[in-house]
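Since the structure comes first, as C-alpha cells, the remarks are kept for the end.
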Amino acid sequence: MALSTFFTEPFYSLADFDRLFDEAFNARTGGSSAVAPRQQENAASRPMRPRMDLHEDQEKNLVTATFELPGLTKENVQIDVKDNVLTVSGESTLSNERDEKGYSVRERRYGKFSRSIPLPQGIKPEEIKASMVNGVLTVTFPRTTPELAPKRITIQ
C-alpha cells in the first residue's frame, strides 16, 4: 500500500499560505505588520483539523494511525469503513468559562472534522482495532491480508 497517496485534502489552506508569506516577509524586513491579529483571526475561524500520524510496521504486518483529538471523548468520535476507506469523523463542542479581573471570559470552539485513509484490499472491518486514551485515538489494521500477501515460488 502506497502511503503517500492517502491525503484527500490539501496540506495547507490559503490562510496558512498567507501566514507563511507574512512571517517570511517580516523575518527579512524586521517589520511587524498585521501578522499577529491575522493569526488570531485565522485560529478562531479555522476549521478543526486534527493531526494524524501514520506508521507502517512491515515485521508485524500492521498499520497504525494515531489522531490527536484534544478535549474529545470516544462518544464524540465515529469511525466508519466504506469502499475500503476508513473515515474518522466527529464534532467538537468545547467551551471554557472563567472570571479574570472582573470580566467573565467565555471561550467556545465548535466544529466538525473528518479524516480518511484508504485501506488495503481485502481488509475486513473486524480486523480494525481502535482505542482512545487522553484525547489520542489509535487505529490499527493489517497492512496486507494473508490471501493477498506475495507468495514466493521456488525455481526447480
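Owing to the predicted nature of the structure, the values given are computational and were not obtained by experimental measurement. The first residue of the sequence shown is numbered 1, and numbering continues consecutively from there.
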May I have the step-by-step check of side-chain contact (heavy atoms from CB on, under 4.5 Å) for Val63 and Thr140, ending in yes or no? CA-CA 6 Å; Val63 176; Thr140 305; over 6 Å; no
Hey, could you give me the NZ/CG distance between Lys74 and Leu69, rounded to the nearest 0.5 Å? 14.0 Å
Which atom of Gln78 lies closest to which atom of Gly90, heavy atoms considered: OE1-CA, 3.7 Å
Is there a path of hydrophobic side-chain contacts, each under 4.5 Å between heavy atoms of I/L/V/M/F/W/Y residues, joining Ile128 to Val136? no
Please name all residues satisfying side chain to side chain donor-acceptor pair (under 3.5 Å) with Thr66, sequence neighbours left out, ordered by chain then number. none
Does Arg51 form a side-chain contact (heavy atoms from CB on, under 4.5 Å) with Phe67? I'd like the steps, not just the answer. CA-CA 6 Å; Arg51 301 211 182 264; Phe67 299 86; over 6 Å; no
Which is it for Thr64 and Thr138 under the side-chain contact (heavy atoms from CB on, under 4.5 Å) test, yes or no, and what are the steps along the way? CA-CA 7 Å; Thr64 303; Thr138 303; 3.6 Å; yes
Heavy-atom closest pair, residues Ala130 and Leu137: CB-CD1, 4.4 Å
Please confirm whether the backbone N or O of Pro50 pairs with a side-chain atom of Arg115, one donor and one acceptor, at under 3.5 Å? yes
Suppose we screen for side chain to side chain donor-acceptor pair (under 3.5 Å). Which residues come up paired with Glu75, at least two apart in sequence or across chains? Thr73
For Glu126 versus Lys129, what's the shortest heavy-atom pair and its separation? O-NZ, 3.1 Å
Are a donor atom and an acceptor atom from the side chains of Ser116 and Thr87 found within less than 3.5 Å of each other? yes
My understanding is that only residues two or more places apart in sequence, or in another chain, count here; which of them pass side-chain contact (heavy atoms from CB on, under 4.5 Å) with Val133? none
Would you confirm whether Asp57, through its side chain, and Glu59, through its main-chain N or O, come within 3.5 Å as a donor-acceptor pair? yes
Any chance you could measure Glu100, atom CD, to Arg98, atom CZ, to the nearest 0.5 Å? 4.5 Å
Answer with yes or no whether the hydrophobic clustering places Leu54 together with Val139; edges join I, L, V, M, F, W, Y residues whose side-chain heavy atoms lie under 4.5 Å apart. yes
Got Asn76 and Ser92 here, is their nearest side-chain heavy-atom distance under 4.5 Å? no
Run the side-chain contact (heavy atoms from CB on, under 4.5 Å) check on Val88 and Val77 step by step: do they pass? CA-CA 7 Å; Val88 176; Val77 180; 3.9 Å; yes
Shortest non-hydrogen contact between Ala65 and Ile117, atoms and distance: CB-CD1, 3.7 Å
Nearest atoms (heavy-atom pairs only) where Leu72 meets Glu91: CD2-O, 3.6 Å
Can you name the nearest heavy-atom pair linking Ile123 to Pro142, along with the distance? CD1-O, 3.4 Å
I'd like to know if Val81 and Leu62 are part of one continuous hydrophobic network [Ile/Leu/Val/Met/Phe/Trp/Tyr, side-chain heavy atoms within less than 4.5 Å]. no
